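This is a predicted model, so every value here is computed, not measured. Reminder, nothing fancy here: chain letters follow the sequence lines and each chain counts from 1.
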Amino acid sequence: MMEKLVGRGQKKRLHSNDEPRRSPRKKIKAETDEMIKEEDGDASGEFSRPIPWKKIEAEGLDCDYALLFSKEEADTLFQQLEEELVYSTGEQAQVQVFGKVYNIPRKQATYGDAGVTYTYSGVTRVASPWTPTLRNIRDKVTNTTGRIFNFVLINRYKDGRDHMGEHRDDERELDPLWPIASVSLGATRDFIFRHRDARGKQSNRRIQPVKLELANGSLLLMNPPTNSMWYHSLPIRKKVIRPRINLTFRRIKLINEPKS
DNA sequence: TAGCATACATAAGT
DNA sequence: CACTTATGTATGCT
């Protein structure tokens with residue numbers, strides 16, 4: 001149970017087949033340098049603020065990454081959320097997988113506009129009303145991306161043992177043409193994408209996984225068709241001892257008039 | 001080495 | 001009926 005911690009270069013492990021460092025200050029890492037392009041604050045673009053974005057691309061994968069909050073801002077937001085948020089308990093904190101019931105290895109909460117619901121592994125959750133801090137973060141994301149979101153799924157990982165298995169966010173109630181905006185607060189965690197055709201034993205395709213570090217105060221935009229082509233996961237990292245709160249802002253289609 | 005990371009087999013319901 | 005997501009186990013890496 002106890003950690004032996006002692007920081008032995010946690011960051012380096014992401015570079016497995018290492019090459020000479022061409023850009024030592026990169027805040028995120030991918031398998032190849034080609035996947036990441038600097039897009040330093042082109043304010044003439046569709047984004048309203050000159051934040052340095054990084055583009056992460058692979059076959060069918062399209063993400064934008066930026067540091068949205070300073071460390072001080074992020075730490076404050078984290079503490080405010082720790083006081084404000086109420087996480088699911090009881091049955092709402094369990095998942096039924098293949099007939100077996102498991103406790104979710106993390107904590108979850110759902111907030112959003114009135115009337116929005118979200119179904120995850122057969123369990124429907126109702127969005128609680130936005131809290132002040134969530135509104136702040138949501139508005140910052142909207143101002144930065146030009147996108148409006150009506151829902152946020154929050155996952156809290158108390159340490160590196162809390163995790164999330166490989167999955168796609170491709171629920172039917174999600175607008176497939178809308179990006180998902182993922183805000184990270186607290187401990188840095190590894191984040192792994194795997195192409196859907198590169199899973200399992202007998203997949204002919206050898207598409208390398210894309211590995212990122214999601215830092216305190218960062219925003220990761222997952223643009224279509226990333227979420228249908230790639231699975232993602234937040235793997236166990238036993239050396240991580242601090243908590244992380246992740247907020248994934250989404251657009252949920254209102255299910256008033258479902259198509260038969 | 002011991003411990004960690006990763007890949008895969010596996011569970012039964014929709 | 002293809003797909004689901006967490007756990008357990010095997011194996012490789014450092």
Side-chain angles (χ1 to χ4, degrees), chain A residues 1-19 28-32 58 60-61 87-110 117-125 153-174 176 180 182 187-214 222 225-242 244 246 248 250 255 258-260:
Chain A
M1 272 294 222
M2 293 292 292
E3 317 269 323
K4 294 273 159 65
L5 69 141
V6 180
R8 284 193 329 175
Q10 271 175 250
K11 292 181 183 169
K12 285 191 180 156
R13 279 180 292 107
L14 282 182
H15 263 291
S16 44
N17 27 15
D18 244 15
E19 308 163 15
I28 53 175
K29 319 201 172 187
E31 290 297 283
T32 66
L61 183 146
Y87 293 93
S88 299
T89 57
E91 291 189 358
Q92 292 277 63
Q94 296 178 323
V95 190
Q96 194 162 356
V97 189
F98 298 112
K100 291 184 180 175
V101 176
Y102 299 97
N103 293 320
I104 295 174
R106 60 190 174 275
K107 283 183 172 179
Q108 287 191 328
T110 52
T117 64
Y118 173 71
T119 302
Y120 168 83
S121 293
V123 181
T124 297
R125 294 178 171 80
L153 172 66
I154 300 163
N155 282 287
R156 185 187 187 277
Y157 306 88
K158 67 177 182 299
D159 58 29
R161 287 177 166 73
D162 274 1
H163 62 281
M164 174 145 51
E166 209 170 61
H167 70 286
R168 296 179 290 178
D169 290 316
D170 62 346
E171 286 82 10
R172 264 179 296 229
E173 56 199 318
L174 288 177
I180 292 177
S182 170
T188 298
R189 288 292 293 264
D190 291 351
F191 188 76
I192 315 270
F193 284 105
R194 284 177 74 200
H195 194 282
R196 66 183 185 186
D197 294 339
R199 304 164 75 245
K201 202 168 190 174
Q202 49 190 358
S203 60
N204 353 342
R205 313 200 56 194
R206 296 273 166 88
I207 305 175
Q208 289 302 109
V210 174
K211 307 181 180 186
L212 310 177
E213 287 182 355
L214 301 183
M222 291 177 272
T226 303
N227 248 309
S228 56
M229 303 294 289
W230 293 72
Y231 288 70
H232 60 267
S233 65
L234 194 90
I236 288 173
R237 288 292 179 265
K238 301 203 172 183
K239 289 170 184 165
V240 175
I241 58 176
R242 293 178 44 231
R244 167 177 182 263
N246 181 61
T248 49
R250 300 143 187 263
I255 53 176
K259 272 285 168 206
S260 58

- Pairing string, 5' to 3', for DNA chain C - Watson-Crick or wobble contacts under 3.5 Å, brackets [ ] where pairs cross, | to another strand: .|||.|||||||||
Starting at [atom1] of [X] and ending at [atom2] of [N], how long is that distance when rounded to a whole Å?
{"X": "Asp169(A)", "N": "dT5(C)", "atom1": "CG", "atom2": "P", "result": "9 Å"}
{"X": "Asn155(A)", "N": "dA6(C)", "atom1": "CG", "atom2": "C1'", "result": "14 Å"}
{"X": "Arg106(A)", "N": "dT5(C)", "atom1": "CZ", "atom2": "C1'", "result": "9 Å"}
{"X": "Tyr102(A)", "N": "dG13(B)", "atom1": "OH", "atom2": "P", "result": "12 Å"}

Is any side-chain N or O of [X] closer than 4.0 Å to OP1 or OP2 of [N]?
{"X": "His163(A)", "N": "dT7(C)", "value": "yes"}
{"X": "Arg199(A)", "N": "dA9(B)", "value": "no"}
{"X": "Arg168(A)", "N": "dC3(C)", "value": "no"}
{"X": "Lys238(A)", "N": "dT6(B)", "value": "no"}
{"X": "Tyr231(A)", "N": "dT5(C)", "value": "no"}

Closer than 3.5 angstrom, by distance alone: can the side chain of [X] be matched with the main-chain N or O of [Y] as a donor-acceptor pair?
{"X": "Arg199(A)", "Y": "Arg194(A)", "value": "no"}
{"X": "His232(A)", "Y": "Trp230(A)", "value": "no"}
{"X": "Arg168(A)", "Y": "Ser228(A)", "value": "yes"}

- Item | Ser182(A) side chain to Thr248(A) side chain, donor-acceptor N/O pair below 3.5 angstrom |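 No.
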- Look at all strands and tell whether Arg196(A) reaches a base, only sugar-phosphate, or nothing, counting heavy atoms closer than 4.0 Å.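 It contacts nothing in the nucleic acid.
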- Task: Have a look at Ile104(A) and say if it touches a base, only the backbone sugar-phosphate, or nothing, with a 4.0 Å heavy-atom cut-off.
- Result: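 No contact.
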